[in-house]
Structure formats: structure tokens, C-alpha cells
Amino acid sequence: MGGSLPYGCFCAVPARPGEDAPGDPFGGSGRMGPVSAPAPAGPFAALPPQVDLPAMEKQILQRWEADKVFARSLEASAGKPQWVFYEGPPTANGRPGTHHIEARAFKDVFPRFKTMQGWHVPRRAGWDCHGLPVEIAVEQELGFAGKPDIERYGIAEFNARCRESVERHVDSFAELTRRMGYWVDMSTAYWTMDPAYIESVWWSLKQIFDKGLLVEDHRVAPYCPRCGTGLSDHEVAQGYETLTDPSVYVRLPVTSGEWAGKADLLIWTTTPWTLPSNTAVAVHPDVTYVVARTDAGTFVVAEPLVTAVLGEDVEILARTSGRDWERVHYQRPFELVEFPEGDAHYVVLADYVTTDDGTGLVHQSPAFGAEDLAVCRGYGLPVVNPIDPTGHFLPELPLVGGHFFKAADAALVEDLQSRGVLFRELRYEHSYPHCWRCHTPLMYYAQPSWYIRTSAIKDRLLAENEKTHWHPENIQWGRYGDWLNNNVDWALSRDRYWGTPLPIWRNDADPSKLIAVGSLAELSELTGRDLAGLDPHRPFIDDVTFTRPGEEGTYRRVRQVIDAWYDSGSMPFAQWGAPHRNKEKFEASYPAQFICEAIDQTRGWFYTLMAVGTLVFDESSYENVLCLGHILAEDGRKMSKHLGNILEPIPLMDRHGADAVRWFMLAGGSPWSARRVGHETLSEVVRKVLLTYWNTASFFTLYADTNGWDPASTPAPARAERPLLDRWALATLAAVTEDVTTALEDFDTQGAGRLLAGFVDDLSNWYVRRSRRRFWDGDPAALATLHEVLDGLTRLMAPFTPFVTDEVWTRAVLPGLGGDAPDSVHLASWPAVDEDARDDELVAQVTLVRRLVELGRSARTSAKVRTRQPLARAVVAAPGWASLPAELIAEVADELNVLDMAELSGADGALVDVSLKVDFRAVGRRLGKQVQAVAKAVAAADAAELTAAYRAGTATVQVDGAPVPLEDGDLIVTETPREGWTVASGGGLTVALDLALTPELERAGLVREVVRLIQEARKSSGLEVSDRIELWWTAEDEQIRRALTEHESQLAAEVLATAVHPDSEGPDPRSATVPEALGGRAARVDGLPGLRMSIARTGGSLAGR
RNA sequence: GGGCCUGUAGCUCAGAUGGUUAGAGCGCAUCCCUGAUAAGGAUGAGGCCGGAGGUUCAAGUCCUCCCAGGCCCA
């Protein structure tokens, strides 16, 4: 090669096709050099590098609908094994929020994944229609204050409004569902208000009734006075709010026995409104109580609480067990309420009394406490209730008549105070149950209710839970297991209107005679009328009565409707109308393989689904359950109107794209924990993942198009014959395919997302960047490799980001596949792991290469030598270097722009410092606690000597006077050159660069600088990548002149110059002299001192571009 | 009061089976690279990995207790 200089990658690149015989581009005549012929048209059209993702998504939505892609994906899998998914119906009340996208993204991604894997995954939407939330919304619309308003308005009309409200809200859910690309069949959606659905629910209730598990009972239960209905425990569970109540200590003078007139019982309560109905005071039989004298009086309190309640300054007058106080009478706190004839207001014994707080004496008001009721019943005490079902004190009461129960506290406390029976009042902050819908504080209130005896099947529920796969696992025996273990009977009935009517008819002559009805057909039989067309809702069903031959009395329906949670828990069979209809379909799809909701459903749908399934079929209805954390606003708080931090879902998707929002939900942070969603986070997803992926596809199509590449006519070399980088990309794809599949099988979208994002980054920023020149050249191996990788990657990403992947599929993948390939990625199969492509060694080697490149760049930075300046050589110390293929070593040299690479350990020992460190993992595993002594000995040893011995395999260190041999892998050797080099090392690797510059190297660097300037000018003046140019230059600096002259052919090749005109000013782009023939495009290029250049497009040389 | 979750850089979060220089992104500063990219890379500032004990040759990682926040329940 004579005196010519090597240039690293710069000149190592072969000339482009058509330019390997450049003729005489230096003639100064300006005549055009040869150019390549226009490429034949291939099947690919270039995708634009810029893309408006939300706009693209809308087009794709239209295409999916026009081409019926979802329906075809179901048809295509018909007859294959079923993977059953149950849609938990959203309550069709209120508009959907951004958090609804979360669960719906998960409900979409796994069915898509399983479908691609070859399962048949029917997906049927559902809407939860009944319940208090709907009633409340309608009440608000109508300006109602409570049940009397509804009764006046008419139940039929009211329920019609409820139905209309549900239909209205379903539309907005449907819109969200469509926009986010959640594939679920809404045309066959189940509605819990449909008569067929209700009949199924009835059927199941009849099964439960027949088993004796559906019973009426009078119990104290949480009750919302505003809504006028009892709440089930899982409803109460949703409504705790913190509030501050008065907490009062009240003195009740003893009126019988030894201490009559001499001491006061001291009680403590946070519900002063229950004091007017005080009926008794409970003490624990086995706790010691004392009579204690203080300045304020003489009191009876539990001994462990004396100091806490009365202070240090007390005199104990007596000490006795709680048992001894039984039936001692006292003066009740208020005389407001009439008590029936008979004994009351004395001390009773109860085991549930504790000495954790209060006084150890517990005020009893049986109408308002479940335990109070049980205890007082035991003594035959009356149940006195001065509060009406709307939560107000009866109007005729003095002092508090007509007051709302909680609002009466102040007046009652004041009255106690004025009479001197208030011992102490404190503000007490605690969480208190509120109505989860209207936020009214609940009362515990004695009322008749229908219950399902779930506590009777608790063991069965625990056993079913044992079989269930929970994600995350800790829910199973944590939050959910606790709930099951503390199971109480399901308070099923509601004294409301818009709900599934409880299908029980009672004989009005003998209330013990009950009939449960399982269908309209049964009801028709009982009444002798055809009721098949009856709307089973109230009030129509209430009018249906019947008599039975030989029985007195008429059967009338009990008035209650049921908890809407029971409706949704019945969906496995009720969605089919089973067993009255579609019995086989139901049986074929029970239980479900997969359900998913947010964590608030633990005691909601997750429970009711399992409970109904176990009650009716003795088997839970789901196998795998995903339990998601909540989505929070950017400020880390719940989104709420009140805080003004709401992100509306549709505008959010219209701004960033549904794919971005989906990706965030699936892979941004752990799905199990609460996550903050915001614009910043989403635009990062767009930039880092979606656009990088898109641009890789766009890059591919650009060169597939430019080169007219057609895999059918341009066979690529066999994979094993392709360049290492191609094989690396394919090997990485194979590994990623396997790992992503494993992650999704385990419902781990976060892990899968991390793998995919990492691969997208590797592909774009290593494979494509390193391979660009081969794409410019239309190398079939490179094009085929990238096409194959995009194919696999697009399939892997399709369940996550269904929009952009389908666009890439149809435009960058499909044109290169055979004729029978599906026209949507969502009809394609899940990729199999290409075992032949697997090459873990190569993957590890490329990882090493990239580490070395990083270190080399770091070394350049610290020496302030820019990358465009070629350097003579780099030396490397790295385990595994020796076995690195020359092709990969060339990669490092190219990236670092060095002409030569050598191994440091081969260098002269005098130039190198060595340091040694023990690999603790290796040595620790073998030698255990000796490892520290070995490390010390290694540090103390002469590093050079020990290294030599270590490399020879004979290294030994002395520990406690005994020799310990070191094995291969025990030490990490770090070598560092001493002088005249710039060095970077880390993780046992070292890269050193020779900084000595020769004039030749400097000139090579200058040329590269010039190339960059021209490329920038090409880009900024709007030239296409394949446009050819002419170049004019003048330079004052001798080095630059010489550099440009010396390297003219390389320069011309790099910038696609068909002609170079030294010492010539060229056309002035600002003047009118730029010939039309040059396409009107010309640009000045300024940069290096004293160098002036102009470029202009070579006229008429290329068709089209 | 009980159960569960969380606590790692200014912010958002990674950190299998314990292994000795704790990482990434965003933001900031200074550079570099760029024929696809809204990208990419390097360097710097920024960490008693919530705290205290313990187990271990070795703890961000395992155990116990405590603190703070969140959720769920009494």
C-alpha cells in the first residue's frame, strides 16, 4: 500500500457499488462521475422517520374494524384449546378514568399473548348495572334527598332512569375500550340487568337457599341512614374515613349494693349519641376492678387503667373482680327515652370487654352494637331504639328530637356537662366507617336482613384459595387470606330499588313458609300465568303473588333487592344465562384461567367470584389472578376532582398514544405497587421505546426501498455465513424471545418489558449504528438479518403495543414474507426460540466489546482527544480478549477510531503496572472464611510476581503459614500502562490509548472533520441520502490542502461526490446562478479555519430521489 | 390496635439464588458522536441503600426490633 495511511473504519469501507471505478473525478472539469443505476423497485416502501403516533393509531383502529381483525383472530383459533378469561364488569356509573386503562391493559395483553401462542381466548365484555352507586347518581340528578322522594316519584320511573343512566355510561366505557385497543367483544357483552342474567342469579340463589345457607336474621349491621340500607362487609371495607369524634368519660352513680350513693361507675364512649339508649354497663368477669377516691370523686374503674384514667393521686378503697359487680344498678346518663317495664340499667358481664383503652366498663346500647345486642339479649334486656331509619332521633324526644344522630353529640355532651356527670371530654381521632358512595357516617343498627352463611363454607373457601395462583403471591395468605380467615356471613339484602330482586316469596299467613324461585318459568308455573316476558325488576315483580293449593295465605315477594356484588360474582354462569341457556358453553368455560383487577377488588370481586363459585359449584371460578396496585396522579396522590390532579384517559391517549399509556401500565414500574402516571413519564416511553423501535423499522425500510431489496429474489447468505454482528443480533433475539416468553408465562409484564426495551436499544444503538454502511450498500445479509429481527421483535411486542407493531408489521415485515403471511401481526403466531441462532458465547463477547468501547471512549474524553481524530493504537487488558474474533476486535478499533489494537499483557512488562484483587465469589465459595486471609495475602504479595505465577497456573499464597494454591478465576488482574497513554479501567478491564500524533494522523483527522461538515450541510440543505453532489473547496492552511488532496477519493466516496473541484469557489447558493440543472440545491460549508467549501446536487443524475 | 406493602442519587425507579468500586432514566454542568432517530456516548456533581441490633469470612440482599409513608381492616 506504499505510503498510504490506514484510516480505521474511515477508509476500510469498500467503495459503493458503482463507484469502485471512480474514473477521474479530479480533472477539474466538473464533469460528472459515474453513478449507480436506479435500483429496481422492491416490495418495501420507505417509512418516514417521523411519525405521529396518535394519528397513526386512529388509522389502525379503522383498519382493524374494517378488516375485522379481532373477529378473525378468534375465528382463526376456533377449535383450539381454550384459555378462559373473565372480564370483571366495570360499574357503569360515572365516567371511566385513567386508572381504568391499567386493568384493561392487563386484561388485553395476556389474551393477545395466549392467542398468538395458539389458544382460543374468547373475550366477552360485561357491564355491572345495578346497585347503590347508580341509584345515588340518579337521585342526585333528580335532586332527591332520600327514599321517600323515590317512592313518591315511583319505583318504575326511578328504575327506568337508572337503566338509562347505565346505558349512557356504558357508551363512555366503550369509547375508552376501543381507543386503547382493548380487544373485548362488546357486541355480545353481558349486562347484569338483563332478564336472562337475573334469572341465572335467581337460579344460583335458589341453590344456596336449598342448601340452607340463605337465611333471614335480625342483626346489628352497618347501615347507611342516608341511603336507608344496610351495607355488606366488603362495602364497609371500602369506606373508612378519618374523623374526629368527642370521646367522653361519663360518671354513672351506683344506686344499689354496698357502694350505693358512694361511688360512680365510669364509662368511656366515642358515640355520645348512643347514650340516651344506654341499657347496661358491661364489665369483664375476670378483670379486677377498684373503687378509687380522688379529688373529683369516687369511681369504679378497671385496675390496669386506674393511673391512665384517674392519675397518680388516688386512694384505693376496694378491689374486687368484675364478677362481683354483676347486677349492681346505676343511674343512667339520660332520662330522654322511655324504657319498657322491667329491669334495666345494671352491670352485666361480657368477655369481650378489654382493658386496652377506656375504663374497663363498657356502655351498652343493644340497638347500635352487635356485641351489645348479644350481651343484653343474654340478660333479657330490652332493645330500645330512639333513632328512625333515616338516622334522626324521634321527633318527640326532648333535647335531641329530630337531630341527625351524629349531630346530636354536641348537645348531649353539653347536657352531661351541665349536670356534672361528664368526667372528661377529649377529641378522639379515629377511622370510622362511612358509606362508600355517599360518605355519610354509618350507624350500626339492628334490622332484619338476609344473609348468606359464608362462614359455613369457610374451610372450602380456604381450600379453594390454596389452589389459586395469586400475583403478587403475598395477597393469597396476606390481605386475602386474612379476609377469608375472618369471614363473616354475607349480608346480601338491600332495602333499595335498582337491583336484582331477592327471589323469595313468603306466605303472609305463615311467615315461616318461604319459596325460592329459580326462573321466570318456575314463577309462571307457580302463578299459572305466562311471565316469560316479565321485567323481573321492581316494581313489576313485587306485584306477582300466588297461592298454593291446600295452603292458607298468599305468597308475596320479600321487598329487598340483593347486593350488586353478588351479581358480578355470578358472571361465570350468568353471562351465559346458564343453566337455563347455553349450559354447555358455560361448562366449557368454567373455571377461568385468568382474571385481573386492581387491589381494591380483593374483598370485592375476587371474593364474590370465589364465594359464589364455591357456594354453587363447590369450586372457585378462577385459577390465576392478577392484583394490581393503584394508579396515582403525578403528585403521588389519588386522582380526584377535589385535588384538581385528574388526567382524563382519552386526551392522555390522544396526546401520547395508547401504546405509550399501555406500555407504561404494563412495564413502567411494578404493577403490584402504586404508580404515578404523568406526561413526563409517558413521553419518555414514547422517545425511548416506541420511537426508537419505529426508527429502526423506518431505517430498515429506507434501505430496503432504496436498494430495491426483495428477499424472494435476493437470497441472503445462510445465517452461519453472515457477519458476526448479524449473528449477534439473531442470537440476542433468540435469547430475548425465550426470556420474554418465560416472563409472560409468569404474568411478569415488567420483566418482559425491560427485556424488550433493552433489545430495542441494543438493536438501534449497536446493531444498526454499527451496520449502517452495510445498509447503504444494500448488503443482503444485513437487510435479511434486520428484517428477521424486526419480524421477531414485532411479534414479541405486539401484545404490549398493538398499534405501532401492526403498522411496522404491515409495512416493514409483511412485504418481505411469503404470500400466506397474515396481514396483521395480531393474526401471527408467537415466535419460537431459534435454537440454531442461539450463541451465548457470542453474546458475551459482544458485551465485552461494548464494555471496551465504553472504556475507550472514557479514555478519550479524559485526554480530551475527539473521536474523529484517529490514533495509532490501543492496548487492552481483558479476560477473554485472546479468544475474541478478529471481526469483533475490528469493531472496537472502528468505534474507537484507532488503527491498531494489541493485548496489554503482551506489552513490555516495564510499561505496565499490575494490580490484583481476589474474586470473592469464586474464592469465598471454595475456601469460606479463609477468603479474607487470602485477600490480605494477595494484597501484600508482589503483584508482578504473583501475576506471572498466576498466569502460569502455579500461584500460591501463604495463609497462617500454610500454602494455599490459587486456581484459575480466583484473581482479577488489572493492568495499567504507565506513561504517554490515556487509560480507563473498570470491572477488571483496561483500555489504553496511545496519544502520540503524527502529521499523517492529524491529516486523517482533518479529512474526517471535513466529511462531517459536508454531511451536515447535505442534511441541512435537504438532500436525500442517495443524492450525489459536486464539491468545491479552497483552503489557506497547507495541512488542510494536503489532507484533502491526499484523501480526495475517500472524501468523495464518503460524501457521495461525483466531482471534486479543488481551489474553486463553486456556485453561490444565494445568487441566482445556481443552475436549475443542479436541482437548485447548493450550500456553503464553513468550519475549519481558512477552508471554504460549496456543494451542489449533481443534476439529473438520479431518478426520483 | 392488627395484617400487608413501600423506604436505594434532587426526582422516578432497577438491583436472581448473600460476593467487596451499588446501577439506570430524568434533571443539571462540560464535552463527544451523528447518511434513520424526537436518539446515542463520555465525564462531573449528587448515596451512612430509613434506623439499630444480629447471623455470616462477606449483608442493599437473610433474621429481629424500631421509625416513616401507603393500603386494608378492627
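Not measured: the values here are computed from a predicted model. Convention: sequence-line order gives letters A, B, ...; per-chain numbering from 1.
Judged by Watson-Crick or G-U wobble contacts below 3.5 Å, the nucleotide B:C65 has B:G51 as its partner. For B:C71, the paired base is B:G3 (Watson-Crick or G-U wobble, both distances below 3.5 Å). Nucleotide B:U43 forms a Watson-Crick or G-U wobble pair with B:A29, both donor-acceptor distances falling under 3.5 Å. Look at B:G19: its Watson-Crick or wobble partner, with both distances under 3.5 angstrom, is B:C57. Checking B:U34 for Watson-Crick or G-U wobble geometry (two distances, each under 3.5 Å) identifies no partner in any strand. Searching all strands for a Watson-Crick or G-U wobble partner of B:U12 with both distances below 3.5 Å returns B:A24.
Taking the six-membered ring where tryptophan is involved, the planes of A:Tyr607 and A:Trp483 are perpendicular, since the angle between them exceeds 60° and thus also 30°. Using bins of under 30°, 30° to 60° and over 60° for the plane-to-plane angle, the ring pair A:Tyr480/A:Trp470 lands in the tilted bin. Using bins of under 30°, 30° to 60° and over 60° for the plane-to-plane angle, the ring pair A:Phe775/A:Tyr767 lands in the perpendicular bin.
Minimum atom distance to the side chain of A:Leu691 is reached by B:A38, of the listed B:G40, B:A38, B:A36. Closest to the side chain of A:Arg754, from the set B:A14, B:U34, B:C57, is B:A14.
The distance between atom CH2 of A:Trp483 and atom C1' of B:C72, rounded to the nearest whole Å, is 10 Å. Rounded to whole angstrom, the span from the CZ atom of A:Phe664 across to the P atom of B:U12 amounts to 12 Å. Computed from coordinates, the A:Trp672 CH2 to B:G70 C1' distance equals 19 Å when rounded to whole Å. Here the P atom of nucleotide B:A74 and the CG atom of A:Leu442 are 11 Å apart, to the nearest Å. Rounded to whole Å, the distance from CZ on A:Arg769 to P on B:U37 is 14 Å. Atom pair A:Tyr480:OH and B:G3:C1' shows a separation of 16 Å (rounding to whole Å applied). Distance A:Leu702 CG to B:U34 P: 19 Å, rounded to the nearest Å. Whole-Å rounding puts the A:Asn765 CG to B:U34 P distance at 15 Å.
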Evaluation steps, ring-ring contact (aromatic ring centres under 6.0 Å, His included), between A:Phe700 and A:Phe44: CA-CA 9 Å; A:Phe700 165 75; A:Phe44 292 93; 5.1 Å; yes
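If you check the side chains of A:Thr794 and A:Tyr693, you find a donor sitting under 3.5 Å from an acceptor. Residues A:His656 and A:His679 bring a donor and an acceptor atom of their side chains to less than 3.5 Å of each other.
Donor-acceptor pairing under 3.5 Å, judged by distance alone, is present between the side chain of A:Arg479 and the base of B:C71. Between the base of B:A38 and the side chain of A:Thr692 there is no donor-acceptor pair shorter than 3.5 Å.
The separation of B:C4 from B:A42, taken at their P atoms, amounts to 43 Å, rounded to a whole angstrom. When the P atom is compared between B:A29 and B:G69, the two are found 35 Å apart, to the nearest whole Å. Distance check on atom C1': B:U17 versus B:G10 gives 34 Å, rounded to whole Å. Taking the P atom of each, B:G7 and B:G50 are spaced 8 Å apart, rounded to whole Å. Rounded to whole Å, the C1' atom of B:G41 lies 11 Å from the corresponding atom of B:U34. For the C1' atoms, the distance from B:A58 to B:U21 is 16 Å, rounded to whole Å. Using P as the reference atom, B:U20 and B:G60 are 10 Å apart when rounded to the nearest Å. For the C1' atoms, the distance linking B:G25 with B:G18 amounts to 27 Å, nearest Å.
Heavy atoms of A:Val51 sit under 4.0 angstrom from at least one base atom. Counting non-hydrogen atoms under 4.0 angstrom, A:Thr602 reaches nothing in the nucleic acid.
Residues A:Val686 and A:Ile475 each lie close to RNA chain B; by heavy-atom proximity, the contact nearer the 5' end of the strand is made by A:Ile475. Closest-nucleotide positions on RNA chain B for A:Lys688 and A:Gln869 were compared, and the one nearer the 5' end corresponds to A:Gln869.
Side-chain N/O atoms of A:Arg687 include one lying less than 4.0 angstrom from OP1 or OP2 on B:A39. For B:G19, the OP1/OP2 oxygens have a side-chain nitrogen or oxygen of A:Arg921 closer than 4.0 Å.
In terms of the salt bridge (charged side-chain N to carboxylate O under 4.0 Å, His left out) criterion, A:Arg479 has no residue partners (sequence neighbours excluded).
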